[in-house]
Chemist: 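This structure is in structure tokens; I'll ask about it shortly.
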Amino acid sequence: MNIKRKIMIAICLMAAVMTKAVEKHTASINKVTVFTNGAQVERSKSVILVPGEQVVTFTGFSPYMDKKSLQVKAKGHLTILGVSERTAHPDSAAQVKRLRAAEDDVKAVERRIQQTKDEQEMLTAQLELVKTNCSVAGRTVATPLANIKELNAYYAQQVLSVKERSQELEEQLQKLNDELKRKQDTCDSIAKLKLKNITEIDVKLEAKQAGRADFDITYYVKNAGWFPSYDIRSNSIKEPLQLSYKANIYQNTREEWKNVPVTLSSANPNRSNIAPQLKTYWLDYGLSAPTYSFDSDGSTVSGKIVDAEDGSPIIGASIIIKGTQLGTVSDIDGYYSITLPQDHRQLSFAYIGYQTQTRTATPGSTLNIRMKEDEQRLDEVTVVGYGTSKKGRKSKGEVLKAKESIPMMADLAVEEEMDESEVISVNQQQAQFGYEFDIKQLLTLPDGGKTTTTEIARHQLPAIYEYRGIPKIDKESFLVADAIDWQKLNLMEGEANVYFDNSFVGKSILDPNVSSDTLHFSMGRDQSICVQRIKVSESSTRRFFGSNQEQTMKWRISVKNNRQESVNITVFDQAPISRNTSIEVSMEELSDGQFDKQTGIIKWPLQLQPGEQRDLILQYKVKYPKNRRLNIE
């Protein structure tokens, strides 16, 4: 037995002895408050006490408990003298038994190998003895020919028998060596297995008399959280937007949250509560202005998360956009996809037993992650059976259904239309720092990376629909919905799936932090409204006079409504803006368009009847020195 195995057994035996030392109590979960990062768990347990000083031990707590957040309260005739916590290994005794059984198997095979080698040595000695006894070279008396023939036959028979048995033993020894290697591999793999870690709480107290005491235990735990997502639907431009508010809840705490009351909170206890401060703006030659962390533009980032050692996909790894409540988890193949909002580029990748990584993402790029195991995390003792996976990864997220029973199709009339599914009962309320959603139905949140998705609200949003066309870029128009009256709905920043006329349009970001009272959603393209931009060649000219030249550009923009109803559409185009005093730009014709002199953007708000076509003219003139070249369009 090597040193590593001896140390392993010693640690397991110590843990087993400590496990049997005192009676342990498991407190039941009364409520779980899930924050955007982490969760608060409330437990309770009634214990019968004896008079005098004693220690009451509670077991089954998450190894990811924040020790500083632990609170223990008790009701009864007692005084709490102290509270301490420690890490325990409840499966240590079983691991020792399994490790010893594997080592016994190794010793049994080694004994059989030694027996086989002993028999081989005996056959070698037997063969030498036969050779010596059958030799006639050293005999002083002449041996008759008949006896020599008989001696040769005996010698040949004995040598053949020994050779056959030696061959059998050699094959047997090869099989035993192969079996020994398998047994040793099994033993080594058990020694490398990670023992299950749990936190145990010891409450030292003094009871004035025998009787019952009620304990309430509250603590904050990591590796749990939730993030919102939305489904935004519209069947036509005459109907309001239908907004489905969903909560995606996950927990990797190594606790069983089965049929427990759950409250969702928009607060984040891990977020810094210290107000930022401005830096002194020193002005001098060669100095830059103070910088603060911000970015621009938003887009989708996707990729795959795998184990750095063997390349296998990691299922259920959490991906969080730092500084937001936006998040997602990797699917059964390790893939993920998340849309970045403006001003945020940092992604955090985390999974139990692996080192958390923070990476800077580029919008629209692919970001693959190779996660390394965290050998130091929680000071886990390593002891996985032969052929067992190292990663306790399971299937991807499941959706919590609002109704468990669905009537059979045979019970419904063919012409009867089924009602829309109900929304789970949720009480929304304003908290001190954010919002809380008190879910009335008991939830089961499995450990191990699965995401439970439940619809917590359903709203109708009044919306103003408008088509937008940018013929310089695209010949098709885009339908945009401007939602109003949304501020009272307690919305949070989250990814939104957009549907129009029962078709998936794409993803967007619902950002309630905007200063505007309107939320904008792109509902997709509409090929029934065509916008076209054509250069009028005969009116686009260039003239020279003096030291300058003038170039005139003229564009005809055609907009046609092929729909059966009238539509509102805003057409956008642009003219160049000069930033050089030697270049002059003047507008010649705009067809009553609205011109922004700062940006050069022209827009035409139009109302088109069914089948109507409208032509717009954009013409501008550019004057600049004739010895210079300009790229004008």
Side-chain angles (χ1 to χ4, degrees), residues 227-248 299-300 302 328 331 337-339 396-409 411-424 426 451-469 474-486 489 491 494-512 518-531 560-570 608 610-611:
F227 53 90
S229 63
Y230 303 89
D231 285 346
I232 298 174
R233 301 176 183 272
S234 177
N235 293 325
S236 74
I237 60 176
K238 297 180 179 179
E239 297 183 7
L241 291 176
Q242 305 291 331
L243 186 144
S244 175
Y245 197 163
K246 296 181 179 180
N248 306 275
S299 188
T300 299
S302 59
T328 187
D331 63 17
S337 177
I338 192 168
T339 302
K396 59 182 177 180
E398 57 186 14
V399 177
L400 181 66
K401 299 180 180 178
K403 286 186 175 181
E404 295 185 358
S405 60
I406 301 178
M408 299 297 292
M409 293 301 295
D411 298 335
L412 300 176
V414 176
E415 65 277 3
E416 182 180 357
E417 185 177 353
M418 297 179 65
D419 295 333
E420 193 174 5
S421 61
E422 298 178 359
V423 183
I424 193 170
V426 177
T451 297
T452 300
T453 302
T454 180
E455 187 179 29
I456 58 177
R458 192 177 294 167
H459 304 290
Q460 281 192 354
L461 292 178
I464 300 174
Y465 295 89
E466 180 187 52
Y467 287 93
R468 295 180 182 177
D474 202 302
K475 293 182 179 180
E476 296 176 358
S477 61
F478 295 81
L479 179 62
V480 177
D482 293 336
I484 58 177
D485 198 24
W486 55 269
L489 300 181
L491 302 180
E495 196 173 54
N497 298 315
V498 182
Y499 300 84
F500 185 75
D501 196 18
N502 293 325
S503 296
F504 177 68
V505 174
K507 292 182 179 291
S508 181
I509 292 292
L510 193 155
D511 186 4
T518 303
L519 292 177
H520 304 283
F521 298 102
S522 179
M523 308 303 293
R525 298 171 177 264
D526 193 334
Q527 299 179 356
S528 300
I529 302 178
C530 300
V531 287
K560 185 174 183 180
N561 176 22
N562 294 318
R563 297 184 65 88
Q564 299 300 316
E565 68 271 0
S566 62
V567 297
N568 294 321
I569 181 171
T570 300
L608 300 180

Chemist: Please check if the number of heavy atoms outside Glu565 that lie under 6.0 Å from its CD is greater than 12.
Modeler: yes

Chemist: Is it true that the NZ or CZ of Arg468 lies under 6.0 Å from the centre of Phe478's six-membered ring and within 45 degrees of the ring axis?
Modeler: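 Ring-cation test returns no.
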
Chemist: CG of Asp501 to CD of Glu239: how many Å apart, nearest 0.5 Å?
Modeler: 9.5 Å

Chemist: Please report the shortest heavy-atom distance between Ser477 and Ile569, naming the atom on each side.
Modeler: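 Closest heavy-atom pair between Ser477 and Ile569: CB-CD1, 4.1 Å.
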
Chemist: From Lys246 NZ over to Thr454 OG1, what is the distance, rounded to the nearest 0.5 angstrom?
Modeler: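 With rounding to 0.5 Å, NZ (Lys246) is 10.0 Å from OG1 (Thr454).
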
Chemist: Could you measure the distance from the CD1 atom of Ile484 to the CD1 atom of Ile464? Nearest 0.5 Å is fine.
Modeler: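 If we round to the nearest 0.5 Å, Ile484:CD1 and Ile464:CD1 are 5.0 Å apart.
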
Chemist: So, for Tyr465 and Ser234, which heavy atoms are closest and what is the spacing to 0.1 Å?
Modeler: OH-OG, 2.7 Å

Chemist: Would you say the side-chain atoms of Glu495 pair up with the backbone N or O of Ile338, donor to acceptor, closer than 3.5 Å?
Modeler: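 No, the answer is negative, given that no donor and acceptor are paired below the 3.5 Å cut-off.
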
Chemist: Of all the heavy-atom pairs spanning Thr328 and Ser337, show the shortest one and how long it is.
Modeler: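 Nearest heavy atoms, Thr328 then Ser337: CG2-O, 3.9 Å.
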
Chemist: Should Asn562 and Cys530 count as side-chain neighbours, where that means a heavy-atom distance under 4.5 Å?
Modeler: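 Yes, their side chains come closer than 4.5 Å.
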
Chemist: Would Leu489 and Leu243 count as a side-chain contact (heavy atoms from CB on, under 4.5 Å) if you check the C-alpha gap in whole Å, the side-chain angles of each, and the deciding distance to 0.1 Å?
Modeler: CA-CA 10 Å; Leu489 300 181; Leu243 186 144; 5.6 Å; no

Chemist: Is it true that Tyr245 and Tyr230 have ring centroids separated by less than 6.0 Å?
Modeler: yes

Chemist: CG of Leu608 to NZ of Lys560: how many Å apart, nearest 0.5 Å?
Modeler: 11.5 Å

Chemist: Please assess Lys507 against Asn497 for the test side-chain contact (heavy atoms from CB on, under 4.5 Å), listing each intermediate value before the final yes or no.
Modeler: CA-CA 5 Å; Lys507 292 182 179 291; Asn497 298 315; 2.8 Å; yes

Chemist: State, to 0.1 Å, how close Ala496 and Ile232 come at their nearest heavy-atom pair, and which atoms those are.
Modeler: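 Closest approach of Ala496 to Ile232, heavy atoms only: CB-CD1, 3.9 Å.
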
Chemist: For a quick test of reading the model, state the closest non-hydrogen atom pair linking Asp474 to Arg525 and the distance between them.
Modeler: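 In this case the closest contact between Asp474 and Arg525 is OD2-NH1, 2.7 Å.
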
Chemist: Evaluate Phe521 against Leu510 for side-chain contact (heavy atoms from CB on, under 4.5 Å), listing each step before the verdict.
Modeler: CA-CA 8 Å; Phe521 298 102; Leu510 193 155; 4.0 Å; yes

Chemist: Check the pair Arg563, Asp526 against side-chain contact (heavy atoms from CB on, under 4.5 Å), reporting the backbone distance first and the verdict last.
Modeler: CA-CA 10 Å; Arg563 297 184 65 88; Asp526 193 334; 2.7 Å; yes

Chemist: Go through Asn248 and Ser229 one step at a time and tell me if the side-chain hydrogen bond (donor to acceptor under 3.5 Å, both in side chains) criterion holds.
Modeler: CA-CA 7 Å; Asn248 306 275; Ser229 63; 3.0 Å; yes

Chemist: Shortest non-hydrogen contact from Leu461 to Pro240?
Modeler: O-CB, 3.3 Å

Chemist: Could you grab the distance from atom CG of Leu241 to atom CG of Asp231, nearest 0.5 Å is fine?
Modeler: 12.5 Å

Chemist: At what distance, to the nearest 0.5 angstrom, does CG of Leu519 lie from CD1 of Ile509?
Modeler: 12.5 Å

